[in-house]
> 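Sharing a structure with you now.
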Amino acid sequence: MASKTGVEEPQQTEKAAPAAAYSAGLEGVPVAKSKLCRIDGMQGKLYYMGYPIEDLASASSFEETAFLLWHGRLPKQDELDVLESELRRNRALPQQAVDFISMLPHTAQPMDVLRTMTSLLSSFDQNPERSPESNLHRAIAITARFPTIMATFHRLRQNQKPVEPNPKLGHAANFLYMLFGKEPDEATARVMDMALILHLDHEMNASTFAALVTASTLSDLYSAVSSGVGALKGPLHGGANEEVLKMLLQIGDATNVETFVDDALAKKIKISGFGHRVYKNYDPRARILKEYARRLSEKTKFSRFFDITDRLEAAMVARKGKQGIFPNVDLYSGIVYHQIGIATDLFTPIFAIARVAGWTAHVLEYWEKNRIFRPASIYDGPEPRTYTPMSQR
Ligand code: ACO
C-alpha cells in the first residue's frame, strides 16, 4: 500500500518475534551456545572444555590450551608439535608492518597500536579462502603475531631495535625475549605462560561478544579480532589491570587502605580489580595469581604493592563481600607483570595476547551455525511527528 508520501508502507508480518524481557547490559541473557568455557560464578569455578582452570594453569602450556579451545580436545604430542611449529613460523611481521609501527608516535597507547596492527595485517592476507580450516590457520597466525606487535612497538618507542623472534622458545618465553632482548629464566617464562593460560578464555564476556557480533555478519577474522581488542581496552574490562596499578600508586602504603576504600565507596567509585558480572565469589584466576604475586614479591624483596593489595582485598571483602563483590583476575595480574619488569601500559595488551586465542576459538565455533546478531531496542523517543522546515524552527 502506498502512503501519502508515495513510499510503500511495510506489510504487517503475520508473526512478529516474541518480545524478550529487557536486561540492561544483557545481564543473564544467553547470546550463543558454546562448548568452550564454563563459569560457575556462585562457586568461583572456571573450566575450559571441562578442565578446571587450576589444572590447566599448573600442568598445561599456552600452546596446548589454545589447541584445546581451537580443536575441542587436548592434543597428542605430535599434534602439539605441529601447532607449536606453526605458531613459531608465523611470529615474524612483514617488514612493511614493522615500518608502519616505527612511524607511530612513541606516545601511542599500546592497545590502540594492537587494534590498528590487527587491521593492517589483514591487508597482507591475500588468501581469499574462508573455509573453517583456512580460518583456523588465520587464527594461529594472528595469535602468533600479537606478542611480536607489542614487543616491536615497545622496543621502538624506547629507541631500541626490535628483537627477532627466537624459534627455540615457546610462546610466552619468546614474548619476554622480544620485549627485553634476553632470554627469561625458566621460572619467569613459566609465570608468563601460566598468566596467558588464565586469560585465554572466559565464556561470553564483552570482548568475546564484540568479536562475535562482527563475525556474525560474515565479516572476516581480523575485523572480529579488532572488535575484541577495542572492547577489551576499556577500564571496566581488560583495562582494569592497568587501573589497579595506578590505584596502588595512589594508595601508596598499606596503612592508607581502609581510608581509601571508605572514601571511594562513599563516593560510589568502583574499585578496580573487584566485582564481576558472573562471579559472586572469589574469581579462581585471582587466587592463582595472588599466590604468584606473593612468591614474586618475596623473591624480589619488593612487597609494597602486594601488601597494599592484600589489605585492600580484606577491606573490600569485609565491606562488599555480602554483595558478592570479590577480587577478579585483574587485581593481582598487574603485580605479577610489574614484578617481571613489564611496563604498566602493556598489561592489557598481555591480556589480549592470551585472549586472541579465545576470541578466535569462539568465532570459529559460532561460524559453524552462524546467525547474524540483530537484537532489538525499546523505543523511548517521540511519537511520529511532522518535519519542521528550517525557517519555522
Ligand atoms: N567497587 C565497588 N562497588 C562495586 C564494584 C567495585 N569494583 N563492582 C560492583 N560494585 C557495586 C556497584 O556499585 C553496584 O552497587 P549498587 O547496587 O549498590 O549500586 C553493584 O555492585 C553492582 O554493580 P554493577 O556495576 O551493576 O555490576 P556489573 O555487573 O554491571 O559490573 C563490573 C561488573 C564492570 C566488573 C564491575 O564490578 C566493575 O566496574 N568493577 C571494577 C572494574 C574491574 O575490575 N573490571 C574487571 C572485571 S574482570 C574482566 O573484565 C577481566
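Atoms within each ligand, like the ligands themselves, are counted from 1 in listed order.
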> Less than 4.5 Å apart, side chain to side chain, heavy atoms only: is that true for Glu54 and Arg287?
no
> Any salt bridge (Lys or Arg N to Asp or Glu O under 4.0 Å) pairs touching residues 244-256, not counting sequence neighbours?
Glu243-Lys246
> Regarding Gln339 and Tyr292, do their side chains bring together a donor and an acceptor under 3.5 Å, going by distance alone?
no
> Honestly, is Arg355 close enough over Phe351, meaning NZ or CZ under 6.0 Å from the six-membered ring centre and within 45° of the axis?
no
> Name the residues with a heavy atom less than 4.0 Å from ligand 1?
Pro235, Leu236, His237, Ala240, Leu265, Lys270, Ile271, Ser272, Gly273, Phe274, Gly275, His276, Arg277, Met316, Lys320, Gln323, Ile325, Asn328, Val329, Asp330, Phe351
> Judged by modelled atom types alone, do His137 and Asn90 share a side-chain donor-acceptor pair under 3.5 Å?
no
> Cut-off 3.5 Å, side chains only: do Asp185 and Thr188 have a donor facing an acceptor?
yes
